[in-house]
*Asks:* 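My questions all concern the structure below.
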Amino acid sequence: MEKNLPFILEIKEELAGYWKKINLEVDESKAELVIDYYNSRIKVMNLIGIFENISGILKIVAKVEKIGKIIVYAPLENIKELETCGYVEEGTINGYYAGKDCHVFSSYPETSRGVSPNKGKEDRIIENCLRKVIIAGRKLKKPDDPQKNESIRKQTENIGLPEEYRLKSAVQADASAMATLYRQEFKFYPTPLHMKSYLLKTMDSNVLYFLAEKQGTILSLASAEMDPTNKCAEITDCLTIPSERGKGLIKELIKALEIELSKRGFRSSYTLCRALSPGINAAFASLGYAYTGRLVNNCKIGNGFEDMNIWCKILKNNRSKQRIN
Ligand SMILES: CC(C)(COP(=O)(O)OP(=O)(O)OC[C@H]1O[C@@H](n2cnc3c(N)ncnc32)[C@H](O)[C@@H]1OP(=O)(O)O)[C@@H](O)C(=O)NCCC(=O)NCCS
């Protein structure tokens, strides 16, 4: 039952045209809201107390701000009341809360936003990824020819890059070229990666950006958005320039990010990736990530709203040798 309780809304941070981060307090219950205008969604994080106390306020905010989707990140304890309030679980992020799973629930104030036009196609992409992983696993298990097995292992893990390619962690001087690449590739992107100022700000705080380059030209990029409290990171912003695709660059960058995260004591990583992109789903599947759900029309990317798949991995100490500068 929703209650009309007195509440406090306190704006903590704002990026004009993109989002407002707000602390909401209703009675004894608290949550952090991101009112994300660009993606027409409200994200509810760090929920403490009773969800039913805040669900009425969320409905009002969604109506006033003309928001199409409300997403709640919640621990196991809140599942029942989220369901009671009409929210549906779209997936889980394993290990998100310092090892404990996060359940991602959604509600769609704009009914049409909750319908995916591409479900069949997206399901087939997942099936193909999982089939490839199973076949690769079976081939690895055959004990007959150790040399052949080693070659298959290298192919499936895609170890190493050609000599002239270099992996590095991005520095401030790279921000301008990075912004240009994101601008060229994406008409819409959920965060303002086309803005050099945004890249510089996030580089200086909680985001690790890694690049693959050849003779000083950036060919591929990926990042890890770190939550140092929970030791969990989101791997995101993956892009390889069209002429360099299919050479294993994005997989090498993801592996490099995982190694860096492990060194920093991070225990898990996950991604929310475009459900209609065979390449990005194949990359995470073949690197040992588990498919744990799909967030319908979750954000504006490419040409409009798209479904995002969740892939998760518990990180272990990785001692693989890579050239990172
Ligand atoms: C998705 C993207 C980043 C992949 O980068 P990449 O460097 O070409 O990827 P890799 O060469 O490391 O390949 C990764 C996996 O995808 C597979 N793959 C690559 N392109 C593919 C395609 N067009 N169709 C099917 N599989 C493909 C590779 O075979 C590999 O799988 P495997 O390990 O099972 O062999 C790149 O295509 C891209 O930049 N796309 C546009 C931007 C985008 O949509 N980014 C994703 C945001 S979530």
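Every heavy atom of this structure was used, including side-chain atoms; hydrogens, water molecules and symmetry mates were not. Indexing begins at 1, ligand by ligand and atom by atom, following the structure's order.
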*Asks:* Mark up the atoms of ligand 1 that fall under 4.0 Å of a heavy atom belonging to Leu239, in ascending order.
*Replies:*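 Taking each heavy atom of Leu239 in turn, ligand 1 has 39 (O) under 4.0 Å.
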
*Asks:* Examine Ser286 against ligand 1 and note whether any of their N/O atoms are separated by less than 3.5 Å.
*Replies:*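 In this structure, Ser286 places an N or O atom under 3.5 Å from an N or O of ligand 1.
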
*Asks:* Enumerate the atoms of ligand 1 whose separation from the nearest heavy atom of Pro278 is less than 4.0 angstrom.
*Replies:*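 In order of numbering, the contacting atoms are 24 (N), 25 (C).
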
*Asks:* Report the part of Ala283 (side chain from C-beta onward, or backbone N, CA, C, O) that has a heavy atom under 4.0 Å from ligand 1; answer both or neither where that applies.
*Replies:*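 Answer for Ala283: both.
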
*Asks:* Minimum distance, heavy atoms only, to atom 44 (O) of ligand 1: which one of Met308, Arg274, Lys251 is it?
*Replies:*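 Nearest option to atom 44 (O) of ligand 1, by heavy atoms: Arg274.
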
*Asks:* At a 4.0 Å threshold, what atoms of ligand 1 neighbour a non-hydrogen atom of Ala282?
*Replies:*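 Selected atoms, number and element: 15 (C), 16 (O), 17 (C), 31 (O).
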
*Asks:* Would Asp36 and Arg41 count as a salt bridge (Lys or Arg N to Asp or Glu O under 4.0 Å) here? Give the steps.
*Replies:* CA-CA 5 Å; Asp36 180 347; Arg41 63 185 178 184; 2.9 Å; yes

*Asks:* Does ligand 1 come near enough to Ile301 that some N or O of the ligand is less than 3.5 Å from an N or O of the residue?
*Replies:*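 No, since none of the N or O atoms of Ile301 sits under 3.5 Å from an N or O of ligand 1.
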
*Asks:* May I ask you to establish whether Lys300 and Tyr189 are in a cation-pi arrangement, using a distance under 6.0 Å from NZ or CZ to the six-membered ring centre and at most 45° from the ring axis?
*Replies:*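 No, a cation-pi geometry is absent between Lys300 and Tyr189.
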
*Asks:* Heavy atoms only, cut-off 4.0 Å: how does Glu185 contact ligand 1, side chain, backbone, both, or neither?
*Replies:*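 It is the side chain that gets close, since no backbone atom is under 4.0 Å.
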
*Asks:* Any heavy atom of Ser220 sitting closer than 4.0 Å to ligand 1?
*Replies:*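 Distance cut 4.0 Å: Ser220 fails for ligand 1.
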
*Asks:* Would you check whether Phe186 has a nitrogen or oxygen atom less than 3.5 angstrom from a nitrogen or oxygen atom of ligand 1?
*Replies:*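 Checking ligand 1 against Phe186, no N or O pair falls under 3.5 Å apart.
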
*Asks:* Atom SG of Cys273 and atom CG of Asn281: how far apart are they, to the nearest 0.5 Å?
*Replies:*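 Separation between the atoms: 4.0 Å.
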
*Asks:* Out of the candidates Tyr73, Phe51, Phe105, only one should pair with Tyr87 under the ring-ring contact (aromatic ring centres under 6.0 Å, His included) rule; please name it.
*Replies:*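 Exactly one pass, corresponding to Phe51.
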
*Asks:* Under 4.0 Å from a heavy atom of Ile280: give me the atoms of ligand 1 that qualify, with their elements.
*Replies:*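 Under 4.0 Å from Ile280, ligand 1 has these atoms: 1 (C).
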
*Asks:* Name all pairs fulfilling the ring-ring contact (aromatic ring centres under 6.0 Å, His included) condition that reach into residues 240-261, sequence neighbours left out, sorted by first residue then second.
*Replies:*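 Passing the test, one end in residues 240-261: no pairs.
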
*Asks:* Under 4.0 Å, heavy atoms only, figure out whether ligand 1 is touched by the backbone of Lys247, its side chain, both or neither.
*Replies:*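 Near ligand 1, Lys247 shows its backbone, while the atoms from C-beta on stay back.
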
*Asks:* Does NZ or CZ of Lys69 lie under 6.0 Å from the centre of the six-membered ring of Tyr108, at an angle within 45° of the ring axis?
*Replies:*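 No, Lys69 does not lie over the aromatic ring of Tyr108.
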
*Asks:* Compare Cys299, Pro190, Gly279, Ala212 and give the one whose heavy atom is closest to atom 26 (N) of ligand 1.
*Replies:*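 Going through Cys299, Pro190, Gly279, Ala212 one by one, Gly279 has the nearest heavy atom to atom 26 (N) of ligand 1.
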
*Asks:* When the ring planes of Trp19 and Tyr198 are compared, do they come out parallel, tilted or perpendicular, using 30° and 60° as the limits?
*Replies:*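 It falls in the perpendicular class, over 60°.
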
*Asks:* Any side-chain heavy atom of Lys20 within less than 4.5 Å of one from Glu13?
*Replies:*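 No - every pair of side-chain heavy atoms lies 4.5 Å or more apart.
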
*Asks:* For ligand 1 and Ser277, I'd like to know whether there is a polar contact (N/O to N/O, distance under 3.5 Å).
*Replies:*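 No: no nitrogen or oxygen of Ser277 is under 3.5 Å from one in ligand 1.
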
*Asks:* Residues two or more places apart in sequence or in another chain: which of them pass salt bridge (Lys or Arg N to Asp or Glu O under 4.0 Å) with Asp227?
*Replies:*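 Checked Asp227 against salt bridge (Lys or Arg N to Asp or Glu O under 4.0 Å); zero matches.
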
*Asks:* Between Glu258 and Lys255, does a salt bridge (Lys or Arg N to Asp or Glu O under 4.0 Å) hold up when you go through it step by step?
*Replies:* CA-CA 5 Å; Glu258 287 176 356; Lys255 283 194 275 178; over 6 Å; no

*Asks:* Quick one: does Gly246 get an N or O within less than 3.5 Å of an N or O on ligand 1?
*Replies:*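 Right, the criterion is met.
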
